[in-house]
Amino acid sequence: MMDKHYDPKAVEAKWYPWWEQHGCFHDEPASGGSPYSVVIPPPNVTGILHMGHALNETIQDVLVRWHRMRGDNTLWIPGTDHAGIATQNVVEKALRKEGKRRHDLGREAFIDRVWEWRRQYGGTIVRQQRCLGNSTDWQRERFTMDEGLSEAVAKVFCDLYDKGLIYRGNYIVNWCPRCGTALADDEVEHEPNEGHLWYVRYPVVGREGEYVTVATTRPETLPGDTAVAVNPNDPRYAHLRGCKVLLPLTGREIPVVFDDYVEKEFGTGVVKITPAHDANDFAVGQRHGLEQVNVMNDDGTMNALSGYEGMDRFACREAIVEDLKKGGYLVKIEPYQNQIGHCYRCHTVVDSRLSKQWFVRMKPLAKPAIEAVRSGEVTILPKRWESVYFNWMENIRDWCISRQIWWGHRIPVYTCACGHEWASPTAPETCPKCGAGKESITQDPDVLDTWFSSWLWPFSTLGWPKKTADLDFYYPTADLVTGADILFFWVARMMMAGFEFMGKAPFRNIILHGIVRDAQGRKMSKSLGNSLDPLEIISQYSADALRFSLALITSMETDTKVDMSKFEIGRNFGTKLWNAARFLQMNAEKLDGFRFADYAGDGLTLDPALLHDDDRHLLLKADHVCAAMNAALERYRIQEGALAIYDFAWTDFCDWYLEYAKADLNAEDAARRRQVLSLLADVYGKILRLLHPYMPFVTEEIWHQLGYCGEEGTIMRAPFPKGYSADRKAAWGLSEEVLTYVETKRELITGVRALRAEAGLQPALAIRLLVRAATPELETKLRADEASIKVAVRAETIEFLANDPETPMPTKLLRAGLIGIPLEGLIDTKAEAEKLDKEITKLRGFLKGIDAKLSNEAFVSKAPAAIIQNQRDRKVELEAQIATLEARKAAL
RNA sequence: GGGGGAUUAGCUCAGUUGGUUAGAGCGUCUGCUUGACAUGCAGAAGGUCACUGGUUCGAGUCCAGUAUCUCCCACCA
C-alpha cells in the first residue's frame with residue numbers, strides 16, 4: 001500500500017541514480033529512432049546552481065524527456081566550461097590565503113593547482129544539476145579543457161590563423177586592472193555613474209593669455225594627451241589651425257587637430273585626445289598621426305610617463321585635479337552622469353588602453369550565420385529576437401580573443417628567434433623556416449577567451465575534429481535553449497562556428513527564455529541577497545515542485561518573478577497526484593486480478609454498453625489534453641502544456657470524475673466497477689506519462705507503485721500519449737454533444753451547490769430539488785443521471801416539473817433550466833425578488849446588445865453567417881430566460 | 001542616441017488566426033476534519049483589459065500616438 005504521505009526526498013534520491021545506472025539517459029546512434037539532440041549551456045566549472053539554471057534546464061529536460069518518450073533517439077549533452085578568468089580568480093583567492101600570488105608558483109605549477117582545484121571542487125555544479133532531475137547523458141559529459149575539446153580549439157585557431165582571419169594588433173581594448181587582462185567588448189558592463197566634468201584650461205602656445213578649455217571626465221589621463229581636438233566647422237576655434245597648446249602640469253606642447261568626431265555642442269567643443277586610453281581618441285590619433293602615450297600600469301596604477309608613478313588611478317585623479325587647481329588651470333567642475341564600464345567578472349572599473357592583442361575578423365564569419373536565420377533554416381523564438389540578432393551580426397566588430405591569464409587554452413602561436421611566426425596545433429620541435437630547434441622557439445604567453453572554446457560546443461562535444469558516429473548522427477543539434485543574455489556571447493558565435501567548421505548550422509531552433517527575478521522584479525544577485533537557492537527549494541518542496549512551478553509560471557515572452565510561495569503550486573500538485581494514486585490503488589485492490597500494467601500503453605478496451613456520459617466526457621477531455629500537450633510542446637509552449645495537464649488532472653480527473661466514479665466503484669455491478677477502474681487506470685496512466693517530462697520523480701514513483709511497469713521498467717521510456725484513435729472514439733460514442741451535456745449537468749450541480757450555500761443550508765442536510773429542464777431531451781438525460789446528481793448536490797429527491805414552481809423558494813436559472821429548493825418555513829421574498837431583478841437587468845443588458853447588433857444592417861450583411869445565427873439563437877434563449885425569471889418574480 | 005518588451009482581478013500571470021457573458025493560481029470572504037487528498041473539498045466576491053484616437057459589422061486582440069515601468073545596444077569627451 002502506498003504511504004499516506006509522499007516523501008519526495010527519498011523518492012528523488014532513489015530514482016536519479018537508478019536512471020543513471022540503468023542507462024535511461026543514454027542512447028547510441030545505433031539505438032534507432034530519429035535523432036533529437038540538445039547541448040546544455042555549459043555552466044562555469046566554478047558555478048553553483050542558481051535559479052537561471054533551474055529554469056533553463058527545466059525547459060530543456062521537458063523537451064528532451066518528451067522527445068525520448070516519443071521514441072526519438074535522444075541525446076542531451078552535459079558539461080562545464082573552464083571559465084578562464086572566473087576560475088583563475090577563485091584559485092588566486094585561495095592562494096592569497098596562503099600569502100602567495102600566482103607568480104610565486106610560476107605558470108606550470110599554478111595551472112596544476114587549478115586542475116587540482118577542479119578535481120576537488122569542479123564537480124559541484126554537475127552534482128547539483130542531478131538534483132534537478134536533468135536527463136543528461138553523463139557518459140558523454142564534457143569539459144571545455146578536455147583533451148578532445150582542446151584539440152578542437154587549437155585546430156580552429158590554426159585554421160583561422162592560416163586563413164588570415166586571426167590577426168594581432170595594437171588596439172584599444174578593455175582592460176581589467178584587477179584581473180590583469182584584456183576583455184572582449186561584451187564582457188564589459190556599462191553602468192550609469194554619477195561623475196564630474198572637469199573643465200581645464202590649456203594655454204595656447206605663443207599667444208599670451210589665450211586658452212582653450214577642455215571638458216573631461218578622466219583628468220588622470222591628462223599626462224597621456226597628445227593633442228586637443230575641435231570640430232573643423234566650429235568658428236570659435238577656426239583661428240587655432242596650426243597652433244599648439246601647452247599641456248598643463250607637463251610642459252609638453254601638443255597640437256590642435258581638427259576632426260569631425262568632436263561635437264560642437266558638447267562641453268566647450270574642445271576635446272583632449274588621449275590615444276592610448278580611449279577608443280575614439282585612438283581613432284583620432286590614427287587619422288592625425290598622433291603619438292600614443294600609455295600612462296598606466298597593468299594593475300591600474302600610474303606609470304613613470306604620467307609623472308605620478310605608483311599612484312592608484314583614482315588617487316591620481318584627485319591629485320591631478322588638485323594640481324590643476326593649484327596651477328590655475330581648473331576652470332570649473334560640473335556634476336555629470338555618464339556610463340562607465342565594469343569587468344563582468346569582478347566589477348572593477350575597466351580602463352580603455354592601448355594593447356597588443358589577438359583578434360578574429362568576424363565579418364566573413366557572420367555572413368552565413370545571418371543568412372541562415374533570414375532564410376528560416378534556423379529559427380529564433382521568440383521571433384522578436386531575430387532583429388536583435390541581425391542588428392548585432394550586421395554591425396559585428398572584431399573579437400578580441402587573447403587574455404593575459406594562465407588558465408585556459410594557450411594561444412598556439414610560436415615565434416622563432418629567426419623572426420618567423422606561425423600557428424601550430426601541437427608544440428613544434430623545429431622552426432619550419434630556419435630549422436632551429438625548440439630552444440629558439442617561444443609560444444605566445446596568452447590564453448584564449450573562454451568563449452573561444454564554447455563557441456565550438458555543439459560539435460566539439462560530439463568528437464570533432466574526429467569524425468565520430470556521434471557527430472555524424474547527432475549534428476546538427478535540434479534545439480538550443482538559453483537565456484537571451486548570452487545571445488551574442490555564445491549563440492551568435494556558435495552559429496558562426498557551425499557554418500565555418502561544419503558547414504552547417506549548429507541547431508535548427510534557438511529558444512530564448514527570460515531571466516528569473518525576485519518578487520519585486522529585481523535581478524537576483526549576491527550583492528542584493530535576494531537570490532533563491534534551487535537546492536533549498538528542492539529540499540523544502542521537491543525538485544518536481546521546483547520544475548513544475550517554474551514551468552507553470554514562466555512565459556517565454558517575459559522574465560519570471562518568483563518567490564518561495566510559488567513552489568507550493570508544484571508541491572500541492574504532486575500531493576494531489578499522489579493521493580489520486582492512493583485512491584486508485586485502494587480500489588484496485590478490491591478487484592481481483594486488476595493490473596495497472598494492462599493500461600500502461602494505449603490498449604484500453606471498453607464495453608460501450610456500460611459507458612456513461614461522464615466516462616465519455618473524461619475520455620474526450622483526456623484525448624484533448626493529449627493533443628494539447630503535444631501541440632504545445634511542438635511550439636515550445638512549456639507553460640501552456642503545464643497548464644493543460646494541471647487543469648485536466650486536477651479539475652476534470654480528480655474534482656469531477658473521481659467524485660462521480662465513487663458511487664460506481666462502491667456499487668454491486670462488478671462489470672461496471674471493473675470498467676470504471678480500467679478507464680481510471682488508463683486515463684491516470686496518461687496523466688502520469690503526460691506529466692513525466694515536467695515532474696519526472698513523482699510520476700516514476702507512482703508508475704512503479706501502481707505497477708504500470710515491472711521493477712526494471714521506467715516511465716521514461718513509456719510512449720508519450722497521443723490520444724485515442726478515431727475508430728475507438730466513434731465506437732465509444734465520444735462526441736461534442738456528450739461534452740456539452742456533461743458540462744450543462746455540471747453547471748446544474750454547481751448551481752444547486754451555490755443555492756444551498758446562499759441559503760445557508762447545512763452540508764449534511766438532504767434537500768428536495770426541483771428542476772424545470774430547458775428542453776424535454778435534456779430532462780430525459782438528467783432523469784437518467786438522477787442518481788449521480790443526487791449524490792453531487794446531496795438531494796433526497798429530484799422532481800422534474802413541467803411548470804414553474806409556484807411556491808416562493810430560492811431559484812436559479814441555468815443552461816439546464818430553472819432549479820429551485822423548496823424550504824420549510826422562511827424564505828426572504830424581498831431578497832429573492834432583488835436577486836431576480838438583478839438577474840433580469842443583466843440579461844436585458846445582453847439582449848439589448850444583441851438586438852443592437854442584429855438591427856445593424858452592416859452586421860447582418862457583413863458578419864459570417866455562423867456568428868449571426870449564434871446571436872439569433874442567443875436572443876431566443878435570452879428571451880425565454882427573461883420570461884422565466886419574470887414569471888418567478890410574479891409568483892413571489 | 002537607437003532598438004525591444006511590458007501595462008488584463010488585491011498580487012503573479014494566461015488569453016492561439018479579431019467573434020457568445022475575458023480565464024487560472026495565490027490572496028480575501030463563507031461553509032466543510034464527507035472513507036484519496038485540510039499540501040484538501042464546496043461556494044462567493046473581485047476586472048471601463050494603462051490612456052487617446054483609428055481600422056472593422058465587431059478590438060483585450062490589428063494600426064498610430066501618449067503615459068509609466070523595464071531591458072538591450074551605442075565612441076559625445
Side-chain angles (χ1 to χ4, degrees), chain A residues 2 4-6 172 186 190 197 214-218 229 261-263 265-268 270-274 278-283 336 338-339 352 382 384-385 387-388 391-392 395 484-485 487-488 514-515 519 521 523 541 545 549 552-555 557-563 565-566 568-569 571-587 631-632 635 637 639-640 643 646-647 654-655 658-659 662 666 750 753-758 760-764 794 842-843 845-846 849-850 853 856-864 866-868 870-871 873-874 877:
Chain A
M2 289 171 70
K4 188 158 169 60
H5 294 286
Y6 174 56
I172 295 287
D186 43 17
H190 292 272
L197 258 186
V214 305
T216 179
T217 54
R218 295 180 64 197
Y261 153 67
V262 182
E263 298 282 334
E265 286 72 32
F266 188 88
T268 57
V270 187
V271 189
K272 66 195 257 326
I273 299 298
T274 322
D278 182 281
N280 292 306
D281 293 7
F282 176 78
Y336 181 68
N338 62 349
Q339 300 273 325
S352 293
R384 64 189 153 83
W385 286 105
S387 58
V388 179
N391 186 49
W392 189 78
N395 298 296
D485 50 337
L487 178 60
F488 308 136
I515 63 169
K523 237 176 182 160
Y541 296 105
S549 299
L552 195 65
I553 64 177
T554 294
S555 98
E557 299 289 329
T558 56
D559 291 347
T560 305
K561 289 186 210 174
V562 298
D563 60 79
S565 68
K566 287 279 183 355
E568 290 174 8
I569 303 171
R571 178 202 56 187
N572 295 354
F573 189 39
T575 305
K576 190 73 182 174
L577 283 173
W578 184 258
N579 285 310
R582 290 181 63 226
F583 176 81
L584 294 196
Q585 193 181 44
M586 267 173 54
N587 283 285
R635 292 157 55 227
R637 307 286 286 242
Q639 181 190 42
E640 214 173 282
L643 203 62
Y646 181 79
D647 194 46
C654 291
D655 287 348
L658 276 186
E659 291 306 321
K662 277 176 184 173
N666 292 320
T750 302
R753 287 169 175 169
L755 263 190
R756 290 186 61 122
E758 284 162 23
L761 302 184
Q762 289 300 310
R794 202 159 181 95
K842 199 171 100 184
L843 294 182
F846 294 148
I850 289 172
K853 275 190 199 173
N856 180 346
E857 203 181 312
F859 175 75
V860 180
S861 61
K862 289 186 181 172
I867 300 288
I868 297 170
N870 203 317
Q871 294 292 304
D873 294 349
R874 183 74 184 121
E877 197 184 344

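Chain naming here is simple, since letters A, B, ... match the order of the sequence lines and numbering starts at 1 in each.
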(message) Checking the side chain of A:Arg218 only, and the main-chain atoms of A:Asp278 only, is there a donor and an acceptor separated by less than 3.5 Å?
(response) no

(request) Scan A:Leu552 against the nucleic acid and name what it touches under 4.0 Å (heavy atoms): base, sugar-phosphate only, or nothing. (result) nothing

(request) Could you tell me which residues satisfy salt bridge (Lys or Arg N to Asp or Glu O under 4.0 Å) with A:Glu877, sequence neighbours excluded, listed by chain and number? (result) A:Arg874

(request) For A:Gln762, report the nucleic acid contact type (base, sugar-phosphate, nothing); a contact means any heavy atom under 4.0 Å. (result) nothing

(message) Need one value for A:Ala754: base, sugar-phosphate or nothing, where a base atom within 4.0 Å counts as base even if backbone is also close, heavy atoms only.
(response) sugar-phosphate

(request) Output all residues satisfying salt bridge (Lys or Arg N to Asp or Glu O under 4.0 Å) with A:Glu659, sequence neighbours left out; order by chain, then residue number. (result) A:Lys662

(request) Write out the stems for RNA chain B, ordered by first number and formatted as range with range, counting runs of at least 3 consecutive Watson-Crick or G-U wobble pairs under 3.5 Å. (result) B:1-7 with B:67-73, B:10-13 with B:23-26, B:28-32 with B:40-44, B:50-54 with B:62-66

(message) Regarding A:Gln639, tell me which of base, sugar-phosphate or nothing describes its non-hydrogen contacts under 4.0 Å with the strands shown.
(response) sugar-phosphate

(message) Need one value for A:Glu263: base, sugar-phosphate or nothing, where a base atom within 4.0 Å counts as base even if backbone is also close, heavy atoms only.
(response) base

(message) Does A:Asp647 reach a base, just sugar-phosphate, or nothing at all? Heavy atoms under 4.0 Å.
(response) nothing

(request) Quick one: label A:Lys272 by what it contacts on the DNA or RNA (base, sugar-phosphate, nothing), any heavy atom closer than 4.0 Å. (result) nothing

(request) Quick one: closest heavy-atom pair of A:Thr268 and A:Val214, and the distance? (result) OG1-CA, 3.8 Å

(message) Whether the side chain of A:Asn579 engages the backbone of A:Thr575 through a donor-acceptor N/O pair (distance < 3.5 Å, no angle test) should be reported.
(response) yes

(message) Roughly how many Å apart are B:G27 and B:C72, using the C1' atom of each and rounding to a whole number?
(response) 35 Å

(message) If I pick the C1' atom on B:U55 and the same atom on B:G65, what distance separates them, to the nearest angstrom?
(response) 15 Å

(request) Report the residue (A:Arg582 or A:Thr750) whose heavy-atom-nearest nucleotide on RNA chain B is the more 5′ of the two. (result) A:Arg582

(request) For A:Asp485, enumerate each residue passing the side chain to side chain donor-acceptor pair (under 3.5 Å) test, keeping only those at least two apart in sequence or located in another chain. (result) none

(request) Taking atom P in both B:C37 and B:U28, compute the distance separating them and give it to the nearest angstrom. (result) 24 Å

(message) If I compare all heavy atoms of A:Lys566 with all of A:Val562, which pair ends up nearest, and what's the gap?
(response) CG-CA, 4.3 Å

(message) Categorize A:Asn870 for me: base, sugar-phosphate, or nothing, with a 4.0 angstrom heavy-atom threshold over every strand shown.
(response) base

(request) Quote, to the nearest angstrom, the C1' distance that separates B:G47 from B:U12. (result) 15 Å

(request) Would you classify A:Val271 as touching base, sugar-phosphate or nothing, given that sugar-phosphate means primed atoms plus P, OP1 and OP2, and contacts are heavy atoms under 4.0 Å? (result) base

(request) For A:Lys862, check salt bridge (Lys or Arg N to Asp or Glu O under 4.0 Å) against everything at least two apart and list the hits. (result) none

(message) Work out how far the C1' atom of B:A24 is from that of B:G15, and round it to whole angstrom.
(response) 10 Å

(request) Quick one: label A:Tyr6 by what it contacts on the DNA or RNA (base, sugar-phosphate, nothing), any heavy atom closer than 4.0 Å. (result) nothing

(message) Taking any heavy-atom pair under 4.0 Å as a contact, classify A:Arg874: base, sugar-phosphate, or nothing.
(response) base

(request) Give one of base, sugar-phosphate or nothing for A:Ile867, where a contact means two heavy atoms less than 4.0 Å apart. (result) base

(request) Rounded to whole angstrom, note down the C1' distance from B:A6 over to B:G60. (result) 15 Å

(request) Would you check if A:Asp655 and A:Lys576 make a side-chain contact, meaning some heavy-atom pair closer than 4.5 Å? (result) yes

(request) Indicate, with a heavy-atom threshold strictly under 4.0 Å, whether A:Tyr541 touches base, sugar-phosphate, or nothing. (result) nothing

(request) Heavy atoms of chain A, cut-off under 4.0 Å: which first and last nucleotide of RNA chain B, 5' to 3', fall inside that, if you could look? (result) B:G4 to B:A77

(request) Specify the residue among A:Glu640 and A:Asn666 whose closest nucleotide of RNA chain B lies further upstream toward the 5′ end. (result) A:Glu640

(message) Base, sugar-phosphate or nothing for A:Val262? Non-hydrogen atoms, less than 4.0 Å.
(response) base

(request) Using the C1' atom as the reference point in each nucleotide, state the distance between B:U7 and B:C13 in Å, no decimals. (result) 12 Å

(message) Angle between ring planes, A:Trp392 versus A:Phe488, binned at 30° and 60°: parallel, tilted or perpendicular?
(response) parallel

(request) Return yes if some donor-acceptor pair links the side-chain N/O of A:Gln585 with the main-chain N/O of A:Met2 below 3.5 Å, else return no. (result) yes

(message) Measuring only the C1' atom in each nucleotide, how far is B:G46 from B:C26? A whole number of Å is fine.
(response) 14 Å

